[in-house]
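Below, read A as the first sequence line, B as the second, and so on, with proteins coming before strands; counting in each chain starts at 1.
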Number of protein chains: 2
Amino acid sequence: MKPLPHPPRDQIALPAVLDALSDETRLAIVARLAGEGELACGEFLALGSKTNLSYHMAKLREAGVVRTRQDGVFRYMTLRWEDLEARFPGLLQSLLAAIKRDTASARRKTARK
Amino acid sequence: MKPLPHPPRDQIALPAVLDALSDETRLAIVARLAGEGELACGEFLALGSKTNLSYHMAKLREAGVVRTRQDGVFRYMTLRWEDLEARFPGLLQSLLAAIKRDTASARRKTARK
DNA sequence: TCTATTATTCAAGAAACGTTGAACTATGTA
DNA sequence: TACATAGTTCAACGTTTCTTGAATAATAGA
């Protein structure tokens with residue numbers, strides 16, 4: 001397929017990263033990637049349609065949050081841990097901790113209903 | 001003037017906070033508040049028109065990033081450090097460090113031109 | 001009361017965002 | 001070749017965001 005542009009490490013911009021992460025769907029994607037490592041787009045179909053996921057993946061990729069690797073028909077996504085850590089030390093870790101807390105408390109709320 | 005609603009600590013949501021911080025203007029406001037403490041809206045006129053700042057301040061306030069206190073004709077903004085720290089430990093600190101780095105490297109670039 | 005200052009609200013427009021279905025590309029397999 | 005699979009691209013749509021100027025509110029001081 002096509003090249004799939006990724007920004008180099010030094011061009012990863014904070015507002016773009018925060019914008020990419022200011023969406024529930026994309027936060028969920030990032031959380032799963034953090035927990036399970038490399039995953040193909042198809043693994044996320046519970047979060048939206050194929051088309052819609054493609055859109056969100058592109059946002060994450062263009063912001064520099066995620067790297068896409070092609071293998072046959074599949075496209076595997078990984079978190080750009082080292083690049084993000086080099087650029088914004090500690091940020092990803094506190095973000096992931098916050099996501100876990102938030103989704104955990106969200107689960108408690110829905111369970112109570 | 002009017003009440004100026006602030007979300008209580010436990011209703012500060014991560015996506016809303018990240019969305020509030022995904023804008024250059026608002027990042028600049030937060031960075032100055034972190035460095036200088038309490039500031040009135042008028043202190044930020046270099047970042048935009050009065051009307052426009054009012055909009056950005058409302059975004060920050062409604063996301064729970066900032067608290068507004070009225071004193072006479074002025075409205076003083078402060079970062080909600082403790083609330084944000086309680087909700088998302090470490091997040092604000094790494095964000096502020098990232099902002100400083102980014103604006104510093106941006107200054108180096110513009111200086112070089 | 002009149003006036004200046006500080007900031008918000010409102011209406012309007014341009015731009016960006018998120019979602020969709022149809023069409024398309026690229027790969028693997030029979 | 002032909003077919004199935006995994007994702008992307010495109011055009012369209014409705015919604016939201018950002019920005020602006022005019023009008024408004026609230027406070028302070030003469």
For [X] and [N], what is the distance between atoms [atom1] and [atom2] respectively, to the nearest whole Å?
X: A:Q70; N: D:dT5; atom1: CD; atom2: P; answer: 18 Å
X: B:L18; N: C:dC17; atom1: CG; atom2: P; answer: 16 Å
X: A:D71; N: C:dT27; atom1: CG; atom2: P; answer: 11 Å
X: A:L21; N: C:dC17; atom1: CG; atom2: P; answer: 14 Å
X: A:L4; N: C:dA26; atom1: CG; atom2: C1'; answer: 12 Å
X: B:K50; N: C:dC10; atom1: NZ; atom2: P; answer: 17 Å
X: B:F74; N: C:dA4; atom1: CZ; atom2: C1'; answer: 12 Å
X: B:L53; N: C:dA7; atom1: CG; atom2: P; answer: 9 Å

Which pairs of donor and acceptor atoms, one on a side chain in residues 39-57 of chain A, lie under 3.5 Å apart (sequence neighbours left out)?
| from | atom 1 | to | atom 2 | distance (Å) |
| --- | --- | --- | --- | --- |
| A:S49 | OG | A:N52 | N | 3.1 |
| A:H56 | ND1 | A:R26 | NH1 | 3.0 |

Would a 4.5 Å heavy-atom cut-off, applied to side chains only, mark [X] and [Y] as touching?
X: A:V66; Y: A:T78; value: no
X: B:E38; Y: B:R69; value: yes
X: A:T68; Y: A:Y76; value: no
X: B:R87; Y: B:L14; value: no

The side chain of B:S49 is closest to which nucleotide in this list: C:dT20, D:dA28, D:dT20?
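The answer is D:dT20.
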
B:S54 near the nucleic acid: base, sugar-phosphate alone, or nothing, with a heavy-atom cut-off under 4.0 Å?
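Answer is base: heavy atoms of B:S54 come under 4.0 Å of a base.
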
With A:E24, which residues qualify under side chain to side chain contact (heavy atoms under 4.5 Å, CB included), at least two apart?
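Side chain to side chain contact (heavy atoms under 4.5 Å, CB included) check on A:E24 returns B:P15.
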
Those residues that, when tested against A:A31, pass side chain to side chain contact (heavy atoms under 4.5 Å, CB included) (two or more places apart)
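Partners of A:A31 under the side chain to side chain contact (heavy atoms under 4.5 Å, CB included) test: A:I99.
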
Donor-acceptor pairs are to be reported for all side-chain atoms of residues 90-97 of chain A against protein atoms at under 3.5 Å, with residues two or more places apart or in another chain.
| from | atom 1 | to | atom 2 | distance (Å) |
| --- | --- | --- | --- | --- |
| A:S94 | OG | A:G90 | O | 3.1 |
| A:S94 | OG | A:L91 | O | 3.0 |
| A:S94 | OG | B:S94 | OG | 3.3 |

Which residue pairs pass the salt bridge (charged side-chain N to carboxylate O under 4.0 Å, His left out) test when at least one of the two sits in residues 76-86 of chain A, sequence neighbours left out?
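Listed by first then second residue: A:R9-A:D83, A:R67-A:D83, A:R80-A:D83.
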
Salt bridge (charged side-chain N to carboxylate O under 4.0 Å, His left out) pairs, two or more places apart, involving residues 54-66 of chain B:
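Counting only pairs at least two positions apart or across chains, the salt bridge (charged side-chain N to carboxylate O under 4.0 Å, His left out) contacts touching residues 54-66 of chain B are B:D19-B:K59.
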
The contact string for nucleotides 11-18 of chain D, one letter per nucleotide 5' to 3', using protein heavy atoms under 4.0 Å with B, S and - for base, sugar-phosphate only and none, comes out as ------SB

Contact list (N/O, under 3.5 angstrom) for nucleotides 12-14 of chain C vs protein:
none

Residues from residues 37-46 of chain B lying under 4.0 Å of DNA chain C - heavy atoms
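Output list: B:A40, B:C41, B:G42.
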
So, is B:R75 close to the C:dT6 phosphate, meaning a side-chain N or O under 4.0 Å from OP1 or OP2?
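For C:dT6, OP1/OP2 do not have a side-chain N/O of B:R75 under 4.0 Å.
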
Spacing of B:L21 atom CG and B:L60 atom CG [to the nearest 0.5 Å]:
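So the CG of B:L21 and the CG of B:L60 are separated by 7.0 Å.
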
